[in-house]
Amino acid sequence: MKTLNPILQIAGDAGGGQLLRSSLSLALVTGQTFRMTNIRGKRPKPGLMRQHLTCVKAAAEVGDAAVDGAELGSTELVFRPGKIKGGDYNFAIGSGGSTTLVLQTLLPALLHAEAASTLRIEGGTHNPMAPPFEFIDQCFLPVIQSMGVKTSVTLERHGFMQAGGGVLKADIQPIQKWKKLKLTERGEPVETFGRVLHAHLHRDIAQREITTAASVLEWQEDKIELRYANESAGPGNALLLGARFANVCEISTGIAQMGKSAESVATGAAKGLHRYLSSSAPVGVHLADQLLLPMALAQGGVFHTHAISDHTETNMTLIQQFLPVKFTVTEVERGVKAVTCRDVDGR
Amino acid sequence: MKPIVTFGFLGTSLDRAFGPERWSKWRPTVSMCQHEDLLISRLELLVDPKFADMARGVVADIAQVSPETEVVMHDFPLKDAWDFQEVYEALYDFVSDYDFEPEKKDYLIHLTTGTHVAQICWFLLNEAQFIPARLLQTGPARHDSRDATSAGRYEIIDLDLSKYDRLATRFAQEQERTLDFLKSGIATKSKGFNKLIEQIEIVAVNSKAPILITGPTGAGKSMLAGRIYDLRKARAGLTGRFVEVNCATLRGDQAMSALFGHKRGSFTGAQADRPGLLKEADKGLIFLDEIGELGLDEQAMLLRALEDKTFLPLGSDKAVQSDFQLIAGTNRDLRVQVAEGKFRDDLLARINLWTFALPGLAERREDIAANLDFELERFSKAHRKQVRMNKEAREAFLKFARSPEAKWSANFRDLNAAVTRMATLAPKGRITVECVTSEVARLQESWCDVGGRLSGDLPAVLGDKQRADIDPFDVVQLEFVIRVCKESKTLSDAGRKLFAVSRAKRTVTNDADRLKKYLARFDLKWDDVK
């Protein structure tokens, strides 16, 4: 990949932790040094928090990078990537921080390493504000596997916020050649499904979630399975509601949190799936965001989605700063948008 | 950012919880390691060996939620965790052995765990700067908080009060007020004087020891002593009265009795018991101005009274107690007095712990404007009569007042007198240029008028003893000669001015020689008067 600038300047207040993680991924695969200023500038507590610091350090380790400003509370970071090293890695995240976000940050880099890698990440596997393990396994990976990626993930132990202790493992093979993405149709419906993961909490919580979700989605309650995750160190609860089609799978998630009622957790998750099902676009809001980088690395592609979030907008802008690609969004029909990625060099 | 090292006790009840539910509970030692914005690199955990098992569980949980934290357990057996002496001693020993590296690490003391006695000991050790740390206070999340977690909340408290903007501003304002107060609200500009007042403020509030104020007559010693009293009364818990005495007015038996009191009939005229001024100043403050004038007997009594807080009234065999604070004033060099045997060196040693030299007005010419306003205001208040000075008059007065011509030999007394005269004579309460012109003349005349009272130069050149041997007749002439000498560059130059008339009639001029001989009559050389 060609170098665009000696140091790429990124204004951190345009986004939050995701902007930082995407920048780390992009820097690793492109070899491009970046300086991010005003990191998480618009958040109540700006600067790097521990979970971000963990990501920065993991990225630095994988990419043999030199880093300035990797300190708690730091609002400026310079990241100079070196050569990506495949291999066996073990990362532990404090306070049950999300393992899937660390995986997402490192995966593109390790796909571009010369050797195969295994990742063992300890922390939370079902966190608020992060994709749960099942989303990675059933929604994200199958799509990029169709683009030539050979990676699998396993959940060794559930981990929830606060206690953590969950373990996610990933086997990553270097990619031979990226295939361009084309995901514009859902294909035939296969199934809808629901599951409550429940650990060390009163059963009543799970039951209330099931009742609420079933009523919003007009499902039978027994369609939602209750699965105990009692090997988890601490208490926790996650509601996963999904729909599988021939070409794609979507999962909408609710994570129980202190101070949030079981009903509101379930309503949020159910409404998420309901929104997806009322459109015909194959790619949901979260998946859309996650597919941008693989599509750019494949130097082109297209997918249809039902809505473009601010996250996705920010992410497209960021990717265009690192890679010679151009994203365009066009409305195909009411409630369906096509996101197209083209190589600006015309390849 | 430096890595954070935290000290804390294992909370034998707050940190106690078992089973998976423990993660839903706020446990101070575990929870403080779970904050997204606080990274504790090392935890020095003080553990009573009785609770070692529980501690190991806590350490394992910390390893899970905070892999970045290294926990070091310290055996910390206490027979009675509520025994202040034992806990303080044990913590003191621990802290003394600990190798602090404040330039490399940030230290926190976790205050939430341990007995209240332990908290007090932590606090005291921190306050006394045995531990270069800030205090970490943790607590469970408030129930109504939106993103409540079992990590709860924390605050870091720095006992260095100067680091808190609001507090620092308040202290600065408070100090400003105090300084202003000591200066009687006069906005002085003299750097030396302002510095002096700042030092006096610190001593006045923080010390009960005697203060010695030196400086020429009229420099404001008495006013300053009064202000220090007011300040101590307001800020340092002084409850008694302010007693002011000029020692020059005390003579003989009267001196003893005035200061220390007497029993009825102890001397002729002692018709009733008298408590004495020192007794009157009990729990208060006595200002002894011109302390150099005090007789040796009184000095001895005063020294005892200062050291023991007791003294014997005249004619009494029963000691009287008085807890008084002392400010002494002098315009003399007490060291010279000691050398001459007129002042006890042990008393001087006792009173000159804090010595402040008040400069005369002539050395603070930049402050004359502010003091002029102050005096005008004071006159207006005292006489209930508004007095103003027009701009030209004010400028004319200040021009003279700041010039070397103005000697201000009686310092603020001169200024006060000048303002009083001008204000009294001012037509319709307006001081005009004419008023100033005539006042300037009066001042010049008063500084030249040396009959009996000498202005500044002579005592400086001659010792007190020498001066006593000169007839008033000669004093006037000598002072004029010395003044001319001081204004002249060379002996010949001074001679030319002094013998200006007679030299014109001479064929051979020998002014320098004539002046030299004149000075020699008083044992003076050119270098002495230059």
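Owing to the predicted nature of the structure, the values given are computational and were not obtained by experimental measurement. Chain A is the first sequence line, chain B the second, and so forth, proteins listed ahead of strands; every chain is numbered from 1.
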Stepwise, does the side-chain contact (heavy atoms from CB on, under 4.5 Å) test hold for B/Met1 with A/Leu72?
CA-CA 8 Å; B/Met1 208 170 75; A/Leu72 197 65; 3.5 Å; yes
Once rounded to the nearest 0.5 Å, what's the spacing between atom CD of A/Gln162 and atom CD of B/Gln64?
11.5 Å
Can you establish whether the number of heavy atoms outside A/Lys169 located under 6.0 Å from its atom NZ is more than 12?
no
Filtered by a 4.5 Å non-hydrogen cutoff, the part of residues 72-100 of chain B contacting chain A is none
CD (B/Gln129) with more than 12 external heavy atoms under 6.0 Å:
no
Report which part of A/Leu48 has an atom under 4.5 Å of a heavy atom belonging to chain B: side chain, backbone, both, or neither.
neither
Option in A/Gly234, A/Pro235, A/Ala163, A/Gly164 with maximal non-hydrogen atom pairs under 4.5 Å from chain B
A/Ala163
If you tally heavy-atom pairs under 4.5 Å between each of A/Thr54, A/Ile93, A/Leu53 and chain B, the highest tally belongs to A/Ile93
Structural part of A/Glu71 lying under 4.5 Å from a heavy atom of chain B
side chain
Do A/Arg50 and B/Ser66 touch side chain to side chain, with heavy atoms closer than 4.5 Å?
yes
Counting neighbours of NZ on A/Lys271 that are heavy atoms of other residues, nucleotides or ligands and sit closer than 6.0 Å, is the number greater than 12?
no
Within residues 33-60 of chain B, contacts to chain A at heavy-atom distances under 4.5 Å involve B/Cys33, B/Gln34, B/His35, B/Glu36, B/Asp37, B/Leu38, B/Leu39
If you measure from CD on B/Glu21 to CG on A/Leu201, what distance do you get to the nearest 0.5 Å?
8.5 Å
Relative to chain B, which segment of A/Ser232 carries a heavy atom at a distance below 4.5 Å: side chain, backbone, both, or neither?
neither
